[in-house]
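Scroll down for the structure; my scribbles are underneath it.
Computed from a predicted model, the values in this text were never measured in an experiment.
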Amino acid sequence: MRRHPRRGEAGLQVSAPSVRGAEVGRRIGVGLMYGLWKPRVLGSWRVPATGPVILAVNHSHNIDGPMVMGVAPRPTHFLIKQEAFVGPLGPFLDGIGQVKVDRSTADRTAITRALDVLREGGVLGIFPEGTRGEGDFASLRAGLSYFAVRGGAPIVPVAVLGSTERPGRLIKGLPPLRSRVDVVFGDPFEAGDGSGRRTRKALDEATVRIQERLSAHLVDARRLTGR
């Protein structure tokens, strides 16, 4: 499918993130994540094989995103804070199809590019808590409900467990090398109420439904993995 540029911030033309780049990123993630740690992946078959989908991932460690990129069954375009796009890492992240977002404002360019991912039947990865924290889905931002309702995409909850249990001996900021990290995919669900409404009230109601489903999945994932 040919990608046509769309209008983003200040009317500038914005190209959709590269699908080929995201596949390259997935392959790099496979090598790194399985080479450095021991991922145990449960429920990846629940991710729809085709069509738009959003992976809603809890976020407690910097490796959570790369881990999901490496173990997900489809190439994933993550929304990533612009502060990560520094030095050579910036062109690299852009080249593997990731979406830079300015969290301090309503980033129209990022919104356009993220919706393009869904419009073209791709996988959008989102940390719904907005920033790294306890990773318990306790505080969700409205962005996830907006993309799910506006993009017409089901949400697949993803729990990454074990990345913060203890620091590594060689690199304190990373989990111990060859330690086990569990990634549990849940059942896809629709965020909207079926009415097609996109009002502020509808999005607020969707956020409540999403939080309930994500929190329930995290409880199930911890029970399933014993973590």
Side-chain angles (χ1 to χ4, degrees), residues 3-26 28-29 52-70 72 74-135 137-153 155-158 160 191 198 200 203-204 206-207 210-211 214:
R3 290 170 173 259
H4 297 283
R6 298 173 64 83
R7 295 290 177 180
E9 195 68 45
L12 297 177
Q13 287 192 331
V14 178
S15 60
S18 169
V19 175
R20 180 176 298 179
E23 174 58 29
V24 171
R26 189 182 76 85
I28 293 173
V53 64
I54 296 174
L55 301 184
V57 186
N58 68 325
H59 193 25
S60 57
H61 197 284
N62 286 331
I63 73 161
D64 295 340
M67 181 65 68
V68 173
M69 285 180 61
R74 295 172 59 186
T76 305
H77 306 267
F78 265 96
L79 281 171
I80 300 177
K81 62 183 181 180
Q82 67 175 4
E83 291 84 354
F85 286 72
V86 295
L89 190 58
F92 172 74
L93 290 174
D94 187 62
I96 61 171
Q98 306 310 294
V99 182
K100 177 171 62 175
V101 59
D102 182 354
R103 298 178 299 172
S104 67
T105 185
D107 190 336
R108 290 175 56 195
T109 297
I111 291 171
T112 298
R113 301 190 78 211
L115 288 175
D116 278 345
V117 169
L118 300 176
R119 189 176 292 108
E120 297 189 7
V123 181
L124 183 66
I126 295 180
F127 300 114
E129 296 156 293
T131 187
R132 187 157 44 93
E134 296 299 321
F137 294 125
S139 178
L140 302 191
R141 295 192 175 188
L144 176 55
S145 61
Y146 173 83
F147 287 118
V149 174
R150 177 76 183 274
I155 296 172
V156 172
V158 186
V160 181
R198 300 176 183 175
R200 170 57 60 186
L203 293 178
D204 288 344
T207 298
I210 290 169
Q211 185 164 26
L214 297 187

Pairwise side-chain contact, Ile210 with Pro128, heavy-atom cut-off 4.5 Å (strictly under): no

Below 4.5 Å, heavy atoms only, C-beta onward: do Ile111 and Phe147 meet side chain to side chain?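 Yes, side chains in contact.
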
State the [atom1]-[atom2] distance between [X] and [Y], to the nearest 0.5 angstrom.
X	Y	atom1	atom2	result
Ile28	Ile96	CD1	CD1	6.0 Å
Leu55	Met69	CG	CE	11.0 Å
Leu144	Gln211	CG	CD	10.5 Å
Tyr146	Ile126	OH	CD1	11.5 Å

By the side-chain hydrogen bond (donor to acceptor under 3.5 Å, both in side chains) test, which pairs, at least two apart or in different chains, include something from residues 93-102?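 Sorted result for residues 93-102: Asp102-Ser104.
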
Could you tell me which non-hydrogen atom of [X] sits nearest to which non-hydrogen atom of [Y], and how far apart they are?
X	Y	value
Thr76	Arg74	OG1-O, 3.2 Å
Ala191	Ala148	CB-CB, 3.8 Å
Ala153	Leu118	CB-CD2, 4.0 Å
His77	Ala22	CE1-CB, 3.5 Å
Val99	Ala110	CG1-O, 3.9 Å
Leu93	Ala84	CD1-O, 3.9 Å

Walk me through whether Asn58 and Val160 qualify under side-chain contact (heavy atoms from CB on, under 4.5 Å). CA-CA 7 Å; Asn58 68 325; Val160 181; 3.8 Å; yes

Going by the rule side chain to side chain donor-acceptor pair (under 3.5 Å), which residues pair with Glu23 if we only count those two or more places apart in sequence or in a different chain? Arg26, Arg27

Arg113 with Asp116: basic N within carboxylate O range, under 4.0 Å: no

